Amino acid sequence: MTAPEPTSSATKDPRVAEQLALLQRGVHDLISLGELEASLLRSLKTGKPLRVKLGVDPTSASLHLGFTLGLRKLRQFQDLGHQAVLIIGDATAMVGDPTGRNKARPRLDAATVDANARHYLDQACRILQRDKLEVRHNGEWLKALDFNRFIELASRSTVARMLERDDFQKRWKEGTPIQLHEFLYPLLQGQDSVAVEADVELGGRDQLFNLLVGRDLQQQNGQVPQVCMTTPLLLGLDGVRKMSKSHDNHIGIDENADEIMLKVMRINDGMLRDWMILLTRFDVTRIEQLLDAGTNPRDAKLELGRAIVADYHGADAADAAAEGWLRRVSRKETDESVQDLVFPAAWKDQDMAALDVLMHTGWFASKGDARRQLEQKAVNFGTKRLSGHQARVVLRGGEILRVGRQHTVKVAFS
RNA sequence: GGGGAGAUACCGAAGCGGUCAAACGGGACAGACUGUAAAUCUGUUGGCAUUAGCCUUCGAAGGUUCGAAUCCUUCUCUCCCCA
């Protein structure tokens, strides 16, 4: 995390200073501060809002918190009266951004991209102000590139320049294939900046290279090169790697309130500061207070979870989720809000093999899997802990069935 | 165009004719411990079966053999070196 740099002494206008203070929070790279100041000042003088671009490739069906850093930053620009331009990379999604990959992204077909794009936009608008948002699909101009223009674009960079990149270099050394079209990706993204005449482009820190290409292309097209602003990479739930679907360490913004709360509570304490800076509007004093040795990290985390849930489900849901977590996880109380799981009516009051009951839940990939849970004393039924794969139970209705930390339901009948 | 190397379970990686459902590490899951975590310790980690055991898996398809992840043939994909 980069601490906010002091704004340069050249800043005379207090309104610019104010905008900068907000915009610099949770920013990793800023190319450059001076240019951003100048742009903000120019915008104030002319009354023309800055065009701030953020590109997302609809490569999967849903967004996770990692993606929201850029969206949140974009929202800040919106709040300051600037023009947010969200690029849906329907064309680039089919190329596949090589950034940070250790292998080529699978290329997607048009129908999938299309479906994803719609869903993305929906989710992005939970953070952005929809009515003030300009949404563009880059297929609009990229798919219209003719052969000459395309070759010209490809001539704007060199193989050596591409190979300088960490991700490519790693793949090269490891002997993982790099496909030719992957080299084109940064150029295409840069072309987007030209097409929408971006003043500022946002992206994750691993996108810096791509963002910088945009500057070059704009300059070659007689435009003022965009300011590049990157957000840090949000660490995933494992606390080691960046949040990513493929690492399965993500929190999806369409997950329900309790799930989000549960996951937030399980991040390790060391990640608290970053997450609060990046995912909440807590001011600095608040954050310091929550991180103070006198505060139980659990309570700080609960605040964080509440703030995150509130963004996507509202304040009431956030309070309920926090309460629920305290009851269920912290105090291990069973409560009324546990969901019913319906069993066949014929099973009522019957002496059953616990194994069959577990298989009915659909939580386990195989009987062996369920058997293991029983052997490992992971299964609680009512007030009893079951033990051994031959355990038997009698379902009467209303009992709480809990397996490990993941699953809790209340027994019901059809 | 020429020469070499390789494809093993979720991932990395051993194994090179039987003792292989396949070492080891990571991940994941469970239990103990805790402030929710993390760390640590313990256990589990193809399917079916109460045990014995049976079934399916080692890039794909064929073949050799009593027996193949291990040998042969063809195919697919990848990497490296030289042009």
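Since the model is a prediction, treat every value here as computed from it, not as a measurement. So you know, we letter chains A, B, ... as the sequences are listed, proteins then strands, and number each from 1.
Remark: side-chain polar atoms of Glu18(A) are not paired, donor with acceptor, to backbone N or O of Val16(A) under 3.5 angstrom.
Of the listed nucleotides (A38(B), G35(B), A30(B)), A30(B) has the atom at the smallest distance from the side chain of Gln376(A). The side chain of His389(A) approaches U50(B) more closely than any other nucleotide in the set U36(B), U50(B), A37(B). Closest to the side chain of Pro297(A), from the set G31(B), A37(B), G35(B), is G35(B). Side chain of Ser366(A), nearest nucleotide from G47(B), U36(B), U78(B): G47(B). Of the candidate nucleotides G35(B), C29(B), C79(B), C29(B) has the atom nearest to the side chain of Gln373(A).
Look at Lys367(A) and you'll find a side-chain N or O under 4.0 angstrom from OP1 or OP2 of A49(B). Residue Arg371(A) places at least one side-chain N or O closer than 4.0 Å to OP1 or OP2 of A49(B). Checking the phosphate oxygens (OP1, OP2) of U78(B), no side-chain nitrogen or oxygen of Thr176(A) falls inside 4.0 Å. Applying the 4.0 Å criterion to OP1 and OP2 of C29(B), one finds that Arg372(A) has every side-chain N and O outside that range.
Rounded to whole angstrom, the span from the CZ atom of Phe364(A) across to the P atom of C29(B) amounts to 13 Å. Atoms CD1 (Ile267(A)) and P (A39(B)) sit 14 Å apart, rounded to a whole Å. The separation between Trp172(A) atom CH2 and C81(B) atom P is 7 Å, rounded to whole Å. Asp238(A) has its CG atom 12 Å from the C1' atom of G26(B), to the nearest Å. The distance from atom CD of Glu375(A) to atom C1' of G43(B) is 11 Å, rounded to the nearest whole Å. The interatomic distance linking Asn249(A) (CG) with C11(B) (C1') rounds to 15 Å, in whole Å. Arg266(A) places its CZ atom 18 Å from the P atom of U34(B), with the value rounded to the nearest Å.
As the counterpart of A52(B), no nucleotide is assigned, since no Watson-Crick or G-U wobble pattern has both distances under 3.5 Å. Remark: G25(B) base-pairs with C11(B); criterion is Watson-Crick or G-U wobble with both hydrogen-bond distances under 3.5 Å. Across all strands shown, A5(B) pairs with U78(B); the Watson-Crick or G-U wobble distances both stay below 3.5 Å. Taking a pair to require two hydrogen-bonding distances under 3.5 Å in either a Watson-Crick or a G-U wobble arrangement, C20(B) remains unpaired. Both distances falling under 3.5 Å, in either a Watson-Crick or a G-U wobble arrangement, place A32(B) opposite U40(B). The nucleotide A68(B) finds no pairing partner, because no Watson-Crick or G-U wobble arrangement with both distances shorter than 3.5 Å includes it. In this structure U73(B) sits in a base pair with A61(B), meeting the Watson-Crick or G-U test at under 3.5 Å.
The line from CD of Gln24(A) to CG of Leu33(A) is 5.0 Å long, rounded to the nearest 0.5 Å.
No donor-acceptor contact under 3.5 Å links the side chain of Asp248(A) to the base of G27(B).
Using a 4.0 Å cut-off between charged side-chain N and carboxylate O, Arg372(A) and Glu375(A) make no salt bridge. The pair Glu197(A)-Lys53(A) does not count as a salt bridge, with every side-chain nitrogen at least 4.0 angstrom from each carboxylate oxygen. Checked for salt-bridge contact, Glu182(A) and Arg171(A) meet the test: a charged N lies under 4.0 Å from a carboxylate O.
Tested against Leu401(A) for a side-chain contact (heavy atoms from CB on, under 4.5 Å), the candidates Val393(A), Thr408(A), Thr361(A) yield a single pass: Thr361(A).
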